[in-house]
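The structure appears right after this line, and notes come after that.
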There are 2 protein chains.
Amino acid sequence: MFEHTSRHNNNDETVLPIPSNNETSYFDESWTEDDLKQIIRKMNLKVTPQRILILQTLHEGRVHITAQELYEKVQKINSDVGFATVYRFLKGMAESRVVTELRMGSMPTRYELTPKKHHDHMTCTACGKIVEFQNKNIEDHQEKVAKQYGFKLTHHVLELYGICTSCQMKK
Amino acid sequence: MFEHTSRHNNNDETVLPIPSNNETSYFDESWTEDDLKQIIRKMNLKVTPQRILILQTLHEGRVHITAQELYEKVQKINSDVGFATVYRFLKGMAESRVVTELRMGSMPTRYELTPKKHHDHMTCTACGKIVEFQNKNIEDHQEKVAKQYGFKLTHHVLELYGICTSCQMKK
DNA sequence: TTCTAATTGAAAATGATTATCATTACTAGT
DNA sequence: ACTAGTAATGATAATCATTTTCAATTAGAA
């Protein structure tokens with residue numbers, strides 16, 4: 001399939017319907033249990049074994065993951081974690097901007113630990129593949145538009161949709 | 001949460017997530033029955049009274065409408081139209097790009113007749129005001145990114161979020 | 001340790017969307 | 001205009017992700 005070791009690599013791709021498990025985290029550093037606890041406390045939430053496990057699994061696992069996938073992964077490690085807890089925690093983390101929700105088309109919501117460096121997504125509507133990209137020119141022009149209307153930008157959502165190379169050839 | 005504080009209806013601008021009902025169509029021209037039929041035929045769909053009614057109601061009604069709202073509106077005119085038909089037809093029209101799906105946050109999908117001149121949205125996170133804008137430079141750079149990864153773009157979603165002038169002055 | 005509110009898991013509920021299927025009705029070809 | 005063939009329809013059930021409920025458990029402050 002394809003290699004992906006870091007999000008700094010321009011070639012990193014994510015395949016959605018049949019997720020490739022060789023994706024690694026955006027974050028090279030490993031998190032100690034204390035790191036995990038601190039992150040949870042910063043959200044004004046209590047530290048529980050479930051939350052530690054969920055956050056750890058999220059950090060170590062694939063970049064774009066659904067709540068369901070994360071639940072199944074966590075289940076294998078500790079079957080005492082219910083999916084309601086996974087959903088609840090993910091939602092809480094999204095509110096605290098610790099994770100970012102990705103709603104691509106009508107596919108189930110995917111989550112990623114909010115990356116330090118901003119990037120946008122381009123999705124293949126045929127196979128669900130996601131390509132991440134950064135483009136300073138686009139960002140610059142967005143700022144120009146904002147200035148033109150007197151807005152002070154806080155964030156943005158840019159999602160490109162199209163057909164990837166291999167799907168173009170298939171049909 | 002933003003969901004509960006963004007419903008200020010400033011003026012005649014679009015306000016989310018519960019848009020004002022005095023919104024008018026993008027399209028000034030009225031469509032004759034023949035116009036409607038032609039549009040449907042162009043989608044390779046058969047002309048039926050239901051589809052004519054749905055399309056007509058969509059054209060005459062508010063800009064951003066949910067499938068449910070459209071169904072209820074159509075029901076009042078002809079109760080022989082089922083909501084499955086409304087959903088199916090909207091989905092078909094979305095596929096043919098006759099309408100555009102708008103997924104704002106986690107609210108139900110809203111539909112708009114695809115405007116001839118493409119535009120994107122810039123939303124004030126304080127008051128919910130929406131500004132529509134066009135920027136060819138951004139579009140061009142999007143194409144460049146797509147080309148770079150071998151994608152053939154079909155569409156995109158660009159939403160800018162920030163604070164508008166008046167909200168900046170308020171504090 | 002004790003207390004209390006936060007958290008949990010299982011299950012049920014919700015809400016939007018999609019599929020099923022018997023019936024109806026467009027429309028191309030005669 | 002007539003028919004055959006197939007697309008479209010509406011009522012209903014099914015699906016799917018997500019949210020809520022609630023009784024039992026647990027974290028963490030006092």
Expressed in angstrom and rounded to an integer, what is the separation of [X] atom [atom1] from [N] atom [atom2]?
| X | N | atom1 | atom2 | result |
| --- | --- | --- | --- | --- |
| B:Arg110 | C:dA16 | CZ | P | 11 Å |
| A:Met107 | D:dA17 | CE | P | 12 Å |
| A:Phe83 | D:dT18 | CZ | C1' | 9 Å |
| A:Glu69 | D:dC16 | CD | C1' | 15 Å |
| A:Arg88 | C:dT7 | CZ | C1' | 7 Å |
| A:Arg41 | D:dA27 | CZ | P | 12 Å |
| B:Tyr111 | C:dA16 | OH | C1' | 10 Å |
| B:Tyr71 | D:dT12 | OH | C1' | 12 Å |

Enumerate the residue pairs fulfilling ring-ring contact (aromatic ring centres under 6.0 Å, His included) with a member in residues 69-105 of chain A, sequence neighbours excluded, ordered by first and then second residue.
A:Tyr71-A:Phe83

Kindly state which residues belonging to residues 44-55 of chain B come within less than 4.0 angstrom of DNA chain D, counting heavy atoms of the residue only, listed by number.
B:Leu45, B:Lys46, B:Thr48, B:Gln50, B:Arg51

For DNA chain D, what residues of residues 93-102 of chain B have any heavy atom nearer than 4.0 Å?
none

Excluding sequence neighbours, so at least two apart, what forms salt bridge (Lys or Arg N to Asp or Glu O under 4.0 Å) with A:Lys76?
none

Which residues satisfy the salt bridge (Lys or Arg N to Asp or Glu O under 4.0 Å) test with B:Asp35, sequence neighbours excluded?
none

Inspect the contact between B:Lys91 and B:Glu101 and indicate whether a charged nitrogen and a carboxylate oxygen are less than 4.0 angstrom apart.
no

Lys/Arg-Asp/Glu bridge criterion (N-O < 4.0 Å) met for B:Asp140, B:Lys144
no

Do A:His64 and A:Glu112 pair up side chain to side chain, a donor and an acceptor below 3.5 Å, judged on atom types alone?
yes

Compare side-chain N and O positions of A:Tyr87 against OP1 and OP2 of D:dT18 and report whether any pair is under 4.0 Å apart.
yes

Side-chain N or O of B:Thr109 closer than 4.0 Å to phosphate OP1/OP2 of C:dT17:
yes

What nucleotide, of D:dT18, D:dC22, D:dT12, holds the atom closest to the side chain of A:Ala67?
D:dT18

Determine whether the aromatic ring centres of residues A:His118 and A:His155 are separated by less than 6.0 angstrom.
no

Please enumerate all residues that pass side chain to side chain donor-acceptor pair (under 3.5 Å) together with B:Asn78, with sequence neighbours excluded.
none

Using a 4.5 Å cut-off on heavy atoms from C-beta on, say whether the side chain of B:Trp31 contacts that of B:Ile39.
yes

